[in-house]
*Asks:* 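Quick one: structure below, then a few questions.
Computed over heavy atoms, backbone and side chain alike; hydrogens, waters and symmetry mates excluded. Only a predicted model underlies this, so the values are computations on that prediction, with no experimental measurement involved.
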Amino acid sequence: MPYKDREIEKLYYTMGEVTQLFDVNASQIRYYEREFEILQPKKNKKGNRLFSPEDVENLKIIFSLVKDKGFTLQGAKDHLRSNKSEVKENQKVIDSLERLKQFLLEVKEKL
């Protein structure tokens, strides 16, 4: 049976990697870190921020609320406080649908 490729996930992402993922400035990530309690990146001895996959998922949720759904920062904070589990579940569904869309587009190109 052939070896099934699996996606290797990093334990920590640097600030540069996170800014590239979201196409924003580091200052915006730092600002969101101060504003939202769910963002808690680790810092190494030099003070560099190291984002866990959970932090990256939380950033996806924040950007989805602020950029896509049009929440203000205060509105996004309040929404996260009151509906945290629902928002995380919705983000998982969105991520899986995006992966499915990407797969279907790849299949379409091969046909």
Side-chain angles (χ1 to χ4, degrees):
M1 180 152 234
Y3 175 74
K4 183 178 178 184
D5 289 330
R6 62 183 174 151
E7 189 175 317
I8 298 174
E9 198 170 299
K10 296 177 79 172
L11 293 177
Y12 291 102
Y13 297 88
T14 64
M15 176 65 87
E17 291 170 329
V18 172
T19 58
Q20 286 178 350
L21 280 173
F22 294 102
D23 195 28
V24 294
N25 294 328
S27 60
Q28 187 173 4
I29 302 289
R30 288 191 299 268
Y31 179 72
Y32 283 177
E33 178 189 345
R34 285 191 306 270
E35 292 294 317
F36 291 91
E37 298 168 357
I38 62 171
L39 286 179
Q40 297 295 322
K42 304 240 185 278
K43 292 184 182 177
N44 64 10
K45 291 179 183 179
K46 287 184 174 182
N48 298 338
R49 288 167 177 80
L50 299 173
F51 293 87
S52 68
E54 183 180 345
D55 290 326
V56 174
E57 289 299 319
N58 288 335
L59 274 170
K60 280 184 188 177
I61 292 169
I62 292 168
F63 277 104
S64 172
L65 290 174
V66 174
K67 303 285 185 188
D68 298 337
K69 295 184 180 176
F71 279 77
T72 63
L73 289 182
Q74 187 61 45
K77 281 189 244 181
D78 295 340
H79 188 70
L80 280 172
R81 279 191 201 118
S82 62
N83 304 318
K84 188 174 182 178
S85 61
E86 179 185 332
V87 171
K88 284 191 173 202
E89 191 63 37
N90 286 344
Q91 187 63 38
K92 286 180 186 178
V93 170
I94 290 169
D95 289 342
S96 66
L97 288 173
E98 286 176 353
R99 284 192 303 271
L100 179 63
K101 178 183 176 183
Q102 185 63 33
F103 172 74
L104 292 173
L105 289 173
E106 289 174 7
V107 169
K108 179 183 175 185
E109 293 212 4
K110 289 182 181 178
L111 293 176

*Asks:* Can you name the residues that form a side chain to side chain donor-acceptor pair (under 3.5 Å) with S52, not counting sequence neighbours?
*Replies:*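 Testing S52 for side chain to side chain donor-acceptor pair (under 3.5 Å), a comparison that skips the adjacent residues, returns D55.
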*Asks:* The criterion is side-chain contact (heavy atoms from CB on, under 4.5 Å); which residues satisfy it with K92, sequence neighbours excluded?
*Replies:* E89
*Asks:* Taking ring-ring contact (aromatic ring centres under 6.0 Å, His included) as the test, write out the residues that go with Y32, two or more places apart.
*Replies:*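 Partners of Y32 under the ring-ring contact (aromatic ring centres under 6.0 Å, His included) test: F36, F63.
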*Asks:* Identify, with sequence neighbours excluded, every residue that meets side chain to side chain donor-acceptor pair (under 3.5 Å) alongside R34.
*Replies:* none
*Asks:* Looking at residues at least two apart in the chain, or sitting in another chain, which of them share a side chain to side chain donor-acceptor pair (under 3.5 Å) with D95?
*Replies:* Q91
*Asks:* Name all pairs fulfilling the ring-ring contact (aromatic ring centres under 6.0 Å, His included) condition that reach into residues 82-111, sequence neighbours left out, sorted by first residue then second.
*Replies:*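 Output for this query is empty, none listed.
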*Asks:* Quick one: which residue pairs count as a salt bridge (Lys or Arg N to Asp or Glu O under 4.0 Å) with a foot in residues 16-30, not counting sequence neighbours?
*Replies:* K10-E17
*Asks:* Sequence neighbours left out, what pairs pass salt bridge (Lys or Arg N to Asp or Glu O under 4.0 Å) with at least one residue falling in residues 100-111?
*Replies:*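 Checked against salt bridge (Lys or Arg N to Asp or Glu O under 4.0 Å) - neighbours excluded - no pair reaches residues 100-111.
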*Asks:* Got a sec, which hydrophobics cluster with Y12, joining ILVMFWY side chains under 4.5 Å apart, including via others?
*Replies:* L11, L50
*Asks:* Could you list the cluster mates of L97? Members are the ILVMFWY residues connected by side-chain heavy atoms closer than 4.5 Å, either directly or through other members.
*Replies:* V93
*Asks:* Among residues at least two apart in sequence or on other chains, which ones pass side-chain contact (heavy atoms from CB on, under 4.5 Å) with K43?
*Replies:* E33, R49
*Asks:* Taking side chain to side chain donor-acceptor pair (under 3.5 Å) as the test, write out the residues that go with N83, two or more places apart.
*Replies:*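 In terms of side chain to side chain donor-acceptor pair (under 3.5 Å), with neighbours along the sequence ignored, N83 is linked to H79.
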